[in-house]
Student: 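For reference, the structure I am asking about is given below.
Because only heavy atoms are used, hydrogens play no part in the values below, and waters and symmetry mates are left out as well, while side chains stay in. Below, chains carry the letters A, B, ... as their sequence lines are ordered, and counting in each starts from 1. Nothing here was measured: the structure is a model prediction, and the numbers come from that model.
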Amino acid sequence: EDQVTQSPEALRLQEGESSSLNCSYTVSGLRGLFWYRQDPGKGPEFLFTLYSAGEEKEKERLKATLTKKESFLHITAPKPEDSATYLCAVQAGAGGFKTIFGAGTRLFVKA
Amino acid sequence: SQTIHQWPATLVQPVGSPLSLECTVEGTSNPNLYWYRQAAGRGLQLLFYSIGIDQISSEVPQNLSASRPQDRQFILSSKKLLLSDSGFYLCAWSVVRRGFNYGYTFGSGTRLTVV
């Protein structure tokens, strides 16, 4: 069964304390892995898409990496405004319409 | 630029009442449209997707239905709401080319509480 698991469920950091969020997946025929940021009461905001193992993408303090079994979202020197829920999702199969989302990691960054 | 509008933002409805949530997309033609539901502490669950007018696929058997009367309009409906229909509903659109989804753009969501 296709599955996406994110860990930890919640992460509390001090401002400037770098860390990583994990997204492990078991899907047949990975077509893409996505990272989204979601603020409370709002829709998710697209961050990255990764398509193949070894690929990396960066945006400001965020860097996403992909292996054959998992993806990491590295947060370097986070600021309080980085506090949000980060969602990982994978596209499974060739149709382009089946995307499986993880439950998310809630990140809290304290000043 | 493409924008997606979803309304209402919040809704409190009694059990057994009807539901209609609307979503419109601007700045793109023939988008792939989706309705997702998000339960607290759980991942987004795909409810419906549409690749064109009157072309709708249902992913989960449930008390809900979807319609796409116009190219950039997607509607989620129910004839009689259940308590279990409560949740955060999200409309989204994406580009899919050659079987690859290039990522979703989500609306701002509707918080539905069935009482």
Student: Report yes or no: do A:L47 and A:L13 belong to one cluster of Ile/Leu/Val/Met/Phe/Trp/Tyr joined by side chain heavy-atom distances under 4.5 Å?
Tutor: yes
Student: Tell me if the aromatic rings of B:Y36 and A:F101 count as close, with their centers under 6.0 Å from one another.
Tutor: yes
Student: Any non-hydrogen side-chain atom of A:T99 less than 4.5 Å from a side-chain atom of B:Y34?
Tutor: no
Student: Hydrophobic cluster membership, with links at side-chain heavy-atom distances under 4.5 Å among I/L/V/M/F/W/Y: are B:L21 and B:V15 in one?
Tutor: yes
Student: Tell me, do B:F88 and A:K42 make a side-chain contact under 4.5 Å, heavy atoms counted?
Tutor: no
Student: Report yes if the side chains of B:Q38 and A:L87 come closer than 4.5 Å at any heavy-atom pair, otherwise no.
Tutor: yes
Student: Given that the side chain runs from C-beta out, which part of B:I4 has a heavy atom under 4.5 Å from chain A: side chain, backbone, both or neither?
Tutor: neither
Student: Ignoring hydrogens and geometry, is there a side-chain-to-backbone donor-acceptor pair from B:Q6 to A:G43 under 3.5 Å?
Tutor: no
Student: In terms of hydrophobic clusters joined by side-chain contacts under 4.5 Å, are A:Y25 and B:F100 together?
Tutor: no
Student: Out of curiosity, does B:L64 fall in the hydrophobic cluster containing B:L83 (side-chain heavy atoms, cut-off under 4.5 Å, transitive links)?
Tutor: yes
Student: Report the distance from atom NZ of A:K98 to atom CG of B:N101, rounding to the nearest 0.5 Å.
Tutor: 14.0 Å
Student: With respect to chain B, which residue among A:R106, A:E9, A:Q6, A:Q38 yields the maximal number of heavy-atom pairs within a distance under 4.5 Å?
Tutor: A:Q38
Student: Heavy-atom distances under 4.5 Å only: say whether B:Q45 touches chain A with side chain, backbone, both or neither.
Tutor: neither
Student: Which atoms of B:L44 come close to chain A, meaning under 4.5 Å heavy atom to heavy atom: side chain ones, backbone ones, both, or neither?
Tutor: both
Student: Test ring pair (Phe, Tyr, Trp, His ring centres under 6.0 Å) on A:Y36 and B:F106; report intermediate values, then the result.
Tutor: CA-CA 10 Å; A:Y36 293 86; B:F106 286 92; 5.6 Å; yes
Student: Any chance you could measure A:F34, atom CZ, to B:S94, atom OG, to the nearest 0.5 Å?
Tutor: 8.0 Å
Student: Do the side chains of A:L66 and A:L21 join up, straight or via other hydrophobic residues, at under 4.5 Å, putting them in one cluster?
Tutor: yes
